[in-house]
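Only one structure is covered here, and it is reproduced in the block below.
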Amino acid sequence: MDLSMRWLADYTAIPEHITPREFAEAMTMSGSKVEGYAVEGSEIKNVVVGKILSIVPHPDSDHMVICKVDVGGTEPLQIVTGAQNQKEGDLVPVALHDSYLPGGVHITRGKLRGELSDGMCCSIAELGLTLHDVPYAYENGLWVLQE
């Protein structure tokens, strides 16, 4: 059974400073077998929320688009993507240059069919999540990209 320490904290006192490893060891010593633990999102680095400002067709592709995405920097980023289910104004997860996704996937700046892409708009699956993790994903215009 997977058990969230945040959920458990709603029902019992868990010291704020305790690490998942220390918690697992304490649970094992109390007689409850803990086979392992994981820190959700620990493999994800340099991923932020971005707002899609504009979408234009890619000049050399019939299925790719070029997005201008505001990630809070001085200038919007240009991101080339094949996702067809996004629209202007959507808030999406953006893997910036030199970011990491689950499974050790490394995202860097590069060109896709001749157009610069400063990162990647991520689907919830690419972040190692499911609709179970973010059930509101398609209701509020958040996390709209999917595989």
Side-chain angles (χ1 to χ4, degrees), residues 1-9 14-28 32-147:
M1 170 192 319
D2 287 338
L3 180 66
S4 164
M5 286 180 61
R6 279 194 193 148
W7 176 83
L8 189 58
I14 297 177
E16 288 185 30
H17 67 278
I18 195 166
T19 67
R21 180 183 176 143
E22 292 168 337
F23 181 76
E25 290 172 355
M27 290 295 293
T28 298
S32 299
K33 183 177 179 184
V34 177
E35 294 181 3
Y37 65 91
V39 178
E40 191 170 274
S42 63
E43 293 182 291
I44 300 172
K45 303 281 189 266
N46 208 18
V47 175
V48 299
V49 174
K51 182 175 184 177
I52 298 177
L53 302 176
S54 67
I55 301 172
V56 296
H58 191 295
D60 293 327
S61 174
D62 58 351
H63 71 282
M64 298 179 99
V65 294
I66 301 171
C67 301
K68 292 290 184 188
V69 183
D70 179 2
V71 295
T74 56
E75 295 288 325
L77 298 181
Q78 177 171 294
I79 297 180
V80 178
T81 182
Q84 300 296 315
N85 60 338
Q86 57 191 1
K87 62 186 180 312
E88 291 179 10
D90 284 344
L91 299 175
V92 297
V94 176
L96 302 173
H97 171 66
D98 200 25
S99 62
Y100 288 88
L101 302 178
V105 176
H106 187 209
I107 304 299
T108 60
R109 180 180 296 115
K111 288 191 175 185
L112 294 171
R113 296 216 178 162
E115 293 292 330
L116 177 67
S117 187
D118 287 316
M120 181 176 93
C121 294
C122 301
S123 70
I124 58 174
E126 289 164 332
L127 295 174
L129 302 171
T130 67
L131 284 177
H132 176 70
D133 299 311
V134 281
Y136 53 84
Y138 304 109
E139 295 175 11
N140 298 329
L142 298 172
W143 303 65
V144 296
L145 303 180
Q146 57 182 314
E147 288 187 341

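No experiment lies behind these values; they were computed from the predicted model shown.
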So among R21, M27, M5, which one has a side-chain contact (heavy atoms from CB on, under 4.5 Å) with Y37? R21
Measure the spacing between CD of E88 and CD1 of I55 and express it to the nearest 0.5 Å. 6.0 Å
Quick one: side chains of residues 62-77, donor-acceptor pairs under 3.5 Å with protein atoms, not counting sequence neighbours, listed by atom name and distance.
residue: H63; atom: ND1; partner: S61; partner atom: OG; Å: 3.2
residue: K68; atom: NZ; partner: Q78; partner atom: OE1; Å: 3.2
residue: D70; atom: OD1; partner: G72; partner atom: N; Å: 2.8

Considering only heavy atoms from C-beta outward, does the side chain of P102 approach that of I44 to under 4.5 Å? yes
Minimum-distance pair of heavy atoms, taken over all atoms of R109 and L116: CG-CD1, 3.6 Å
Derivation and outcome, side-chain contact (heavy atoms from CB on, under 4.5 Å), residues L127 and L101: CA-CA 6 Å; L127 295 174; L101 302 178; 3.8 Å; yes
Who are the side chain to side chain donor-acceptor pair (under 3.5 Å) partners of E43, not counting sequence neighbours? none
Scanning both residues in full, the closest heavy-atom pair of P93 with V47 reads CB-CG1, 4.3 Å
When you compare the side chain of P59 with that of E115, does any pair of heavy atoms fall below 4.5 Å? yes
From OG1 (T81) to CD1 (I52), nearest 0.5 Å: 8.0 Å
Output for pair (L96 CG, D118 CG), nearest 0.5 Å, gives 9.0 Å
Heavy-atom closest contact (L8 atom, F23 atom, distance): CD2-CZ, 3.3 Å
In short, ring-ring contact (aromatic ring centres under 6.0 Å, His included) pairs touching residues 83-124 with sequence neighbours left out are Y100-H106
Residue pair V105, E126: steps toward the side-chain contact (heavy atoms from CB on, under 4.5 Å) verdict: CA-CA 9 Å; V105 176; E126 289 164 332; over 6 Å; no
